[in-house]
Every structure is written in C-alpha cells, then in structure tokens.
Amino acid sequence: MPDDSPRPPFRTRPGTDGPVLRPGDTCWRIERAGRLAVLVDGAAFFAAARAAMEAAQRSILLVGWDIEPRMRLDPDRPENLGQFLARLVRERPELRVRALKWDMPFPITLEHPHEPLEDLDHSTGRRLNARLDGELPVGAAQHQKILAIDDALAFCGGIDLAGDRWDTPEHRDDEPRRRWPTGEPYAPRHDVMMMVDGAAAGALADLARERWRRATGETLVPCPPPDPDPWPAQVAPDLTGATVGVSRTVPEAAGHPAIRESEALIFAAIAAAERTIYLENQYFASAAIADALARRLAEPDGPEVVLVLPMESPSWFDRMAMDTTRSVALRCLREADRHGRLRAMTPVTPAGTGIVVHSKIVAVDGRLLRVGSSNLNNRSMGYDTECDLTVEAAPGDHAVAEAIVGTRDRLLAEHLAVEPAILSATVKETGSLIAAMDRLGKETGRRLVPLPATDPSLTEQAFAALRIADPGTPDEAWAVWKRIPLPAPARPVLNAAAAALMTAGIALGVWGAVRTLDAAGMQEGPEE
C-alpha cells in the first residue's frame with residue numbers, strides 16, 4: 001500500500017481528470033477564505049461561536065435543524081443562548097438577529113420543542129426574529145447548519161445550537177456538564193464544524209438569506225464590511241488563503257428545481273481517490289454510495305476505505321430506518337473487500353459507552369476535505385436541505401494537502417486516543433492508514449472498535465430496498481412502491497395494490513400509535 005502522505009500533483013484515474021469541485025455540478029460556488037479553521041466537537045465550536053457573536057455589529061444569521069434558546073454555549077456560565085442573544089441586541093442598536101429552525105413534526109418536537117424559540121421571538125422585540133421553516137415538502141427536513149456573522153465570518157458543518165451538542169474531545173464517561181437544559185445527561189458526542197471568513201463567509205450568508213426568504217418571505221440585504229474583525233482571537237487558522245467550495249442539497253418544490261450538488265460531490269470524491277477515503281458520518285444508509293465504495297474496494301490497487309460510524313442510532317426510529325439499512329450497506333462493502341482495505345469502526349469511551357458520531361466528514365488523500373451537514377443516506381442526497389464546505393488541493397499546493405491530511409489525522413487520532421503526530425508518523429512508517437490504525441489500536445480506554453459484522457435479516461433487506469423513512473426525492477416519499485425495480489407491465493398492478501396497502505397500513509398505524517401514546521402518556525419521541 002503506498003504512503004498516503006501529501007505529495008501533489010495528483011495522478012488522475014481515467015474519467016476523473018480535473019478538479020473535483022466544479023461550479024454547477026459538484027458545488028454552487030467556489031470562494032476565497034482568508035482564514036479557515038476546523039472546529040472539532042461542540043465545546044470548540046460553541047466557544048468560537050460565542051466569541052464571534054460577541055463581536056457582531058449588524059447581523060447574526062442562524063439557520064439550523066434545531067435551535068434551543070435554553071442551551072448554554074458555555075456550560076460553566078449561567079447565561080443561556082436566548083439570554084445571550086437578547087443581551088447582544090440590547091447592547092448594540094444596529095444589530096439584527098435572525099434565527100430559523102426547521103418546523104419539526106410530532107413526535108420529534110417532544111424532545112426538541114418549538115415553544116422556547118417562539119417565546120424568545122415574542123419577548124425580545126423586532127430586532128431579534130425567530131421563525132420556523134415549514135416551506136419544504138411534507139416530510140423533508142431543513143438540515144443545514146449555518147451561522148453567519150456580519151457576512152464576514154461563517155460556520156458550517158454538523159452541529160446545531162441544540163440542547164445535547166456540547167462535548168469535549170475527551171468524551172469522558174463522567175462529564176457532569178454534558179446535560180440537556182432540563183438537567184438530564186446525554187451520551188458523549190463527536191461532531192465537526194468549519195469556520196471561514198472572506199468571500200466564503202459571504203457565500204454562506206447569501207445561502208442563509210435565501211433560506212430565510214423562502215421560509216418567511218422577507219428579503220434581507222447584505223451587510224457592509226464590519227469593524228472590528230469578528231474572527232475569534234483564540235482560534236488559530238488551519239489554512240490561510242484557501243479556496244472553498246459550497247455545495248447544497250435542496251429538494252424540488254413549487255417553482256424551484258431540485259439541487260443535488262452534495263450528491264454529485266460525494267461520488268466525484270470517491271471516484272477521484274487514489275490511496276485513502278476517510279469517512280465519518282451519523283448514517284451510512286445509501287446503497288448507491290455503498291456500491292461506489294464497493295467498486296473501489298474491488299479494484300486491485302484501489303484506495304483504503306475507513307468508516308467511522310456510531311455504534312447505533314440513539315432513537316428507536318432511526319435504528320429501524322437507518323441502522324437496518326446500514327447493515328446491508330456494510331455487508332456490500334465487506335463482500336467487495338477482497339484485498340483487505342476496509343475498516344468499519346466505532347468509537348467508545350473507557351467504560352465501553354458508544355460515542356455518538358454526528359460529524360459528516362469526507363477526506364480523500366491529501367486532495368479533498370469536506371465538512372458539512374450531509375449524511376451518507378438518501379435523504380441528504382435530494383430530500384432534505386443540506387450545506388457542505390469543501391477544500392480541494394490544487395496540483396502542487398502542498399500547504400493545502402498537508403492541512404487536509406493533518407485534519408484527517410487529528411480526527412482519527414481523537415478516536416484512537418493518541419497524539420496526532422504519533423498517528424501521522426505511524427502512517428508514514430507503515431505506508432498505510434489502516435496499518436497505522438491496527439498498530440495503534442487498544443483493548444482498553446477510549447478507542448475504536450470494529451462494527452459488528454452481522455448478516456442482515458430478510459426484514460432488514462426489505463427496509464434497505466424500500467428505503468423506509470429515507471427517500472431520495474419528494475416524489476418517492478409517499479410512494480414506496482415506486483422504489484422497487486419492476487418491468488413496466490407489472491407496475492400499474494403493483495402501484496394500485498401498494499397504494500391500497502399503504503392506506504390501510506397508515507390507518508392501522510395511526511390507530512395503534514394513538515392507543516400506545518395514550519397508554520404510555522407520550523413520554524418520549526425519536527431523536528435526530
């Protein structure tokens with residue numbers, strides 16, 4: 001296995017000539033960032049976000065899957081997010097704050113209620129506006145996570161300002177600060193955000209303004225350049241003078257065509273890999289992505305593939321809808337791995353507790369790093385809204401290549417509980433990321449353990465084939481039978497039968513759910 005240390009220019013495989021980032025295909029725009037930093041885990045992001053918002057002069061734009069005013073950016077301070085934003089507005093007469101959260105359906109709202117955000121909006125006057133985004137097709141989620149400050153600094157990635165996102169890279173078993181606003185503890189959690197300034201930040205602000213316009217009907221104008229610079233003084237950039245691609249997913253809706261740039265990006269990145277594909281993700285449920293990776297694993301001289309995934313999803317619904325499909329996708333990869341270049345791993349604490357992997361990372365060689373909101377499932381390819389940032393090293397750009405490999409090693413070293421320099425040195429010594437992982441792996445302490453190699457049941461295979469709760473388009477969402485590949489003559493009969501069965505099933509399901517909720521007192525609901 002060749003050494004995967006950065007050494008552009010890159011060899012290109014047939015059919016993959018040229019850059020991976022292509023405006024109008026794999027990305028929306030490519031913009032310059034004077035500074036770029038990768039923030040690993042909630043504590044780092046929340047500290048940087050707090051400092052940046054403290055410096056805001058005119059505009060704070062916050063777009064998320066969830067926004068919880070009762071959460072605290074710093075668990076050691078009593079001021080919660082709602083109080084913090086209200087204070088900023090009181091202190092700065094020219095500052096406007098706009099917060100946009102997905103209009104979640106029941107039962108998700110049992111755990112992520114809308115009322116705290118609505119109360120914040122009603123209690124803070126006209127310069128702090130909090131709204132719910134219900135503009136998307138039924139069942140589609142607003143999944144982008146964007147924070148833009150004065151059009152000069154912006155964050156994008158996997159972390160919402162939600163009640164269960166704070167954690168440190170140590171992911172301690174006994175961390176007393178890892179608690180919901182209600183005081184209940186939550187599991188250790190790993191996640192990643194990217195922070196950019198300059199024109200790249202302006203592009204994210206433009207995207208947040210468009211999301212706000214579509215959700216509320218209000219058109220916002222860009223901000224003039226701020227003074228002072230809102231970049232947090234405590235954060236050292238990982239790169240300076242970088243070019244950043246912004247990729248989107250937006251489902252088709254009335255008057256708006258579908259945008260599937262993030263889908264095109266992941267397949268282009270997989271195809272371009274020479275030595276190593278490193279993926280962290282909350283879900284691994286897309287059969288198409290599994291097939292693309294399997295084809296690369298089957299190549300005699302293809303890349304290593306390292307997957308870091310959670311042990312299991314935290315809610316019963318996601319375990320049914322996503323984890324069953326994941327078992328089928330992982331079997332596809334294991335069957336293709338004839339050359340021993342696959343590792344599918346999950347991080348655990350010293351006590352063996354699974355660490356929730358919520359990050360959405362794609363790192364390919366020293367060539368490309370993507371940090372964003374897109375999961376490796378069908379929803380993120382075309383049904384939900386997503387936003388991803390990508391840095392790509394041009395041929396001969398050693399600084400960017402080294403930063404990409406360095407970030408990958410920092411992430412993997414956290415899971416292995418070793419210093420990044422030790423991992424990097426071991427990769428160079430062995431010439432293989434997988435060999436380095438195997439050498440540095442531990443039996444105790446915080447560590448990576450293999451995901452169980454289970455044989456999917458017939459039920460799991462049916463869930464995978466039908467993509468239950470994981471459609472790729474709005475058209476598929478309420479027509480499960482359309483996902484079954486059948487010859488044309490058989491389709492009308494199947495459509496009619498499936499529609500009748502689904503109607504009956506929905507009626508029975510609603511009746512059963514009502515009886516169950518009545519009996520249980522509606523005590524809990526699914527998580528993201």
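Nothing here was measured: the structure is a model prediction, and the numbers come from that model.
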Return the SG to CZ distance between C332 and F284, rounded to the nearest 0.5 Å. 7.5 Å
Does N378 use its side chain to pair, donor to acceptor, with the backbone of G472 at less than 3.5 Å? no
Backbone of T349 reached by a side-chain donor or acceptor of T353 within 3.5 Å: no
Looking only at heavy atoms, what is the nearest atom pair of G382 and P474, with distance? O-CD, 4.1 Å
Could you grab the distance from atom OG1 of T390 to atom CD1 of I30, nearest 0.5 Å is fine? 9.5 Å
Start with the C-alpha distance between W231 and R35, add both sets of side-chain angles, then the distance that settles side-chain contact (heavy atoms from CB on, under 4.5 Å), and finish with yes or no. CA-CA 9 Å; W231 184 276; R35 291 163 293 186; 3.5 Å; yes
Using only heavy-atom distances, determine whether the side chains of E414 and H171 contain a donor-acceptor pair under 3.5 Å. yes
Residue pair M53, L147: steps toward the side-chain contact (heavy atoms from CB on, under 4.5 Å) verdict: CA-CA 9 Å; M53 287 190 282; L147 171 60; 4.2 Å; yes
Looking only at non-hydrogen atoms, find the nearest pair between D384 and A141 and report the distance. OD1-N, 2.8 Å
Pair E386, T249: side-chain N/O donor-acceptor within cut-off below 3.5 Å: no
Check whether any side-chain N or O of K101 sits under 3.5 Å from a backbone N or O of A99 as a donor-acceptor pair, and report yes or no. no
Determine, for D41 against R189, whether the closest basic-nitrogen to carboxylate-oxygen distance falls under 4.0 angstrom. no
What's the verdict on side-chain contact (heavy atoms from CB on, under 4.5 Å) for L204 and C387, showing C-alpha distance, side-chain angles and the deciding distance? CA-CA 9 Å; L204 286 173; C387 181; 3.7 Å; yes
Do NZ/NE/NH1/NH2 and the carboxylate oxygens of D238 and R410 come within less than 4.0 Å? yes
Between R214 and E135, is there a salt bridge with N-O shorter than 4.0 Å? yes
Has E419 got more than 12 heavy atoms of other residues, nucleotides or ligands less than 6.0 Å from its CD? no
Any donor-acceptor pair under 3.5 Å from S380 side chain to N377 backbone: no
Carboxylate-amine/guanidinium contact E263 R260, below 4.0 Å: yes
Say whether, by atom type as modelled, one donor and one acceptor occur between the side chain of T385 and the main chain of H143 under 3.5 angstrom. yes
Q142 vs Q144 side-chain heavy atoms within contact, under 4.5 Å: yes
Whether D197 and R32 form a salt bridge (side-chain N of Lys/Arg under 4.0 Å from carboxylate O of Asp/Glu) is what I want to check. no
Answer with yes or no after comparing the ring centroid distance for W65 and H112 against a 6.0 Å cut-off, counting only values under it. yes
One thing to verify: whether E392 and R367 come together as a salt bridge, which I'm taking to mean a side-chain N less than 4.0 angstrom from a carboxylate O. yes
Quick check: does any side chain N or O of Y383 sit under 3.5 Å from a backbone N or O of D475, one acting as donor and the other as acceptor? no
Heavy-atom check, side chain of V246 versus side chain of C27, under 4.5 Å: no
Is there side-chain contact between R341 and V305, with at least one heavy-atom pair below 4.5 Å? no
Apply the test salt bridge (charged side-chain N to carboxylate O under 4.0 Å, His left out) to residues R29 and D206: give CA-CA distance (whole Å), side-chain angles for both, the deciding distance (0.1 Å), then the verdict. CA-CA 11 Å; R29 290 161 59 175; D206 288 343; 3.0 Å; yes
Within the side chain of R447, is there an N or O that forms a donor-acceptor pair under 3.5 Å with the backbone of V348? no
Distance col, row I67:CD1 vs L81:CG, nearest 0.5 angstrom, shows 8.0 Å
Kindly determine whether S313 and D323 satisfy side chain to side chain donor-acceptor pair (under 3.5 Å), including the steps that lead there. CA-CA 7 Å; S313 294; D323 292 3; 2.8 Å; yes
Within the structure provided, determine whether V400 and E402 are in side-chain contact (heavy-atom separation under 4.5 Å). no
Minimal heavy-atom distance between A154 and A201, with the atoms involved, is N-CB, 3.7 Å
Quick one: does D150's side chain have a donor or acceptor within less than 3.5 Å of a partner on A152's backbone? no
What are the two closest non-hydrogen atoms of A285 and M322, and how far apart are they? CB-SD, 4.0 Å
Student check: side-chain heavy atoms of F45 and L161 closer than 4.5 Å: yes
Name of the residue among D160, D66, D191 meeting salt bridge (Lys or Arg N to Asp or Glu O under 4.0 Å) with R165: D160
Worked verdict on E304 versus S432 for side chain to side chain donor-acceptor pair (under 3.5 Å): CA-CA 8 Å; E304 297 179 324; S432 161; 2.4 Å; yes
Apply the test side-chain contact (heavy atoms from CB on, under 4.5 Å) to residues I146 and L207: give CA-CA distance (whole Å), side-chain angles for both, the deciding distance (0.1 Å), then the verdict. CA-CA 9 Å; I146 301 170; L207 186 54; 3.9 Å; yes
L265 CG to S247 OG distance, which is reported to the nearest 0.5 Å: 4.5 Å
Compare every heavy atom of L36 with every heavy atom of A242, then report the nearest pair and how far apart it is. CB-CD1, 4.5 Å
Pair S374-D388, side-chain donor/acceptor within less than 3.5 Å: yes
Do R334 and D337 sit within salt-bridge range, that is, some charged N less than 4.0 Å from a carboxylate O? no
Please confirm whether the backbone N or O of L100 pairs with a side-chain atom of D133, one donor and one acceptor, at under 3.5 Å? no
Does T243 reach the main-chain N or O of E31 with its side chain, forming a donor-acceptor pair under 3.5 Å? no
Is there side-chain contact between W212 and V63, with at least one heavy-atom pair below 4.5 Å? no
Decide yes or no for F267 and I289: does some side-chain heavy atom of the first lie under 4.5 Å from some side-chain heavy atom of the second? yes
Is it the case that D409 and S424 place a side-chain donor and acceptor less than 3.5 Å from each other? yes
L153 side chain near M195 side chain, heavy-atom distance below 4.5 Å: yes
Please report the interatomic distance OG1(T216) to CZ(R131), rounded to the nearest 0.5 Å. 7.0 Å
Atom CG of L342 and atom CG of L307: how far apart are they, to the nearest 0.5 Å? 6.5 Å
Between E280 and H190, a side-chain donor and acceptor under 3.5 Å: yes
Per side-chain contact (heavy atoms from CB on, under 4.5 Å), I361 is matched among V371, T407, L412 by V371
Note: S373 and K145 closest approach over all heavy atoms is CB-CD, 3.6 Å
Any luck finding a side-chain donor-acceptor pair between T26 and E261 under 3.5 Å? no
